[in-house]
Amino acid sequence: MALALIWSLVVLLSISSISLSHATLNDIYCLKTIKKSFNDPYGYLASWDFNNNTEGFICKFIGVDCWHPDENKVLNIRLSDMGLRGEFPRGIENCTSLTGLDLSNNILSGPIPFDISKRLQYVTSLDLSSNNFSGEIPLSLANCTYLNVLKLENNKLTGNIPLQLVQLGRLKTFNVANNLLTGPVPAFPNSTAKADSYANNPGLCGAPLRSCPVMQKKSRSGGVVAAAAAGAGVLTAIVVASALYYFSPRVMRKEHDPEGNKWAKSIKGTKGIKASFLDK
Ligand SMILES: *[C@@H]1O[C@H](CO)[C@@H](O)[C@H](O)[C@H]1NC(C)=O
Ligand SMILES: *[C@@H]1O[C@H](CO)[C@@H](O)[C@H](O)[C@H]1NC(C)=O
Ligand SMILES: *[C@@H]1O[C@H](CO)[C@@H](O)[C@H](O)[C@H]1NC(C)=O
Ligand SMILES: *[C@@H]1O[C@H](CO)[C@@H](O)[C@H](O)[C@H]1NC(C)=O
Ligand SMILES: *[C@@H]1O[C@H](CO)[C@@H](O)[C@H](O)[C@H]1NC(C)=O
């Protein structure tokens, strides 16, 4: 009886230690691949010594925070301002409990992985600012549901900002200043981002910046809405025009030819005003 009890205790303990070491082995492997993926000219990561199997040893590494100091489970990685070169570290997906990643102020280049939401599922703070990242802002960032802080300023990012980022209901800080971005900015509720967050990009538009040209809107996926807005504008113009026509004095109605041009102009003007009003 006592033996059976002890035996089941041993089995239970070994099961829990297997699952624990599986999770923490992933995190160790994660940091190993990150270290390997960076060119580290100043040797900051040389202190990451993996020849020590004490539980929690990675928690003492420079730039690494753990959930508990005696458990190899990484909470944050902060490798700012270390002169690191290389690409976005793909091995980060094996730090499965990571909530914060700060790689700012380095010389990292190449794209931000398109499937970043799978790699950083629980990330609340992502700071890739002041690097040399290029390519587009991945649409999948809109699936990083827990994001509070997204800092991408001072890079070489191109293309449009995914408008789906408005889904990020917890986002407080969003900055994409000093990139090469174009097109409309996401309509964040409660103006999460001020104009400063968009400064020095060649072609961004929409509140809080200048409103977008109507033509540009039409060619995008929101074209139906823009077309409807323009349509409503034209309709309003026609109604206003007819009303003006019927309520205007007889004398004016007689002058058909000069008035024709004037109506056309006023319809064009009204359409422009209405369309840009509805865009906001
Ligand atoms: C291993 O790491 C632990 C915790 O950081 C430390 O106390 C210990 O001295 C290290 N052992 C060796 C051999 O480096
Ligand atoms: C994550 O870890 C698994 C094994 O633990 C490995 O096969 C995989 O390649 C790792 N992912 C990356 C991107 O390094
Ligand atoms: C930044 O990336 C571009 C290519 O996108 C490259 O030509 C340039 O040399 C890089 N700058 C630095 C400082 O590495
Ligand atoms: C976001 O998540 C949804 C639901 O899991 C999925 O269908 C969609 O493909 C994801 N989008 C991206 C860009 O990863
Ligand atoms: C955003 O605005 C909505 C409605 O105006 C409000 O209910 C919500 O609390 C605001 N959120 C924040 C974070 O200010």
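Each ligand, and each atom within it, is numbered from 1 in the order the structure gives.
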Margin query: Would Glu93 count as being in polar contact with ligand 2, using the rule that some N or O on each side must be under 3.5 angstrom apart?
Written below: yes

Note to self: Less than 3.5 Å apart, any donor N or O on the side chain of Asn154 or Asn178 sitting next to an acceptor on the other?
What the structure shows: yes

Note to self: When you compare the side chains of Ser130 and Ser104, does any donor N or O come within less than 3.5 Å of an acceptor on the partner?
What the structure shows: no

Next item on the list: Heavy atoms only: give me the nearest Phe57-Ile28 pair and the separation to one decimal.
Entry: CE2-CD1, 3.8 Å

Notebook entry, point to check: What part of Leu25 sits under 4.0 Å from ligand 2 if we count only heavy atoms: the side chain, the backbone, both or neither?
Noted result: neither

Notebook entry, point to check: Does any non-hydrogen side-chain atom of Val74 lie less than 4.5 Å from one of Cys30?
Noted result: no

Notebook entry, point to check: Should Leu45 and Phe88 be counted in the same cluster of Ile, Leu, Val, Met, Phe, Trp and Tyr side chains packed under 4.5 Å apart?
Noted result: yes

Notebook entry, point to check: Which residue owns the protein heavy atom closest to atom 8 (C) of ligand 4, what's the atom, and how far is it?
Noted result: Asn143 ND2, 3.7 Å

Item checked: Non-hydrogen side-chain atoms of Tyr198 and Val176 separated by less than 4.5 Å -> yes

Checklist line | Nearest protein heavy atom with distance in Å, relative to atom 13 (C) of ligand 4 | finding: Ser140 CA, 3.6 Å

Notebook entry, point to check: In ligand 3, which numbered atoms sit nearer than 4.0 Å to a non-hydrogen atom of Lys156?
Noted result: 1 (C)

Margin query: I need the nearest protein heavy-atom contact for atom 14 (O) of ligand 2: residue, atom name and distance, please.
Written below: Gly91 CA, 3.8 Å

Next item on the list: Report yes if the side chains of Ile77 and Leu31 come closer than 4.5 Å at any heavy-atom pair, otherwise no.
Entry: yes

Next item on the list: Answer yes if a protein heavy atom lies under 4.0 Å from atom 11 (N) of ligand 4, otherwise answer no.
Entry: yes

Check: Counting from 1, what ligand 2 atoms have a heavy atom of Asn26 closer than 4.0 Å?
Finding: 5 (O)

Notebook entry, point to check: With atoms numbered from 1 as shown, which atoms in ligand 2 lie under 4.0 angstrom from a non-hydrogen atom of Arg90?
Noted result: 13 (C)

Next item on the list: Please check if Tyr146 and Val149 belong to a single hydrophobic cluster, counting links between Ile, Leu, Val, Met, Phe, Trp and Tyr side chain heavy atoms closer than 4.5 Å.
Entry: no

Item checked: Polar atom proximity, Asn132 to ligand 3 (N or O, under 3.5 Å) -> yes

Next item on the list: Please indicate, with yes or no, if any protein heavy atom is found under 4.0 Å from atom 2 (O) of ligand 3?
Entry: yes

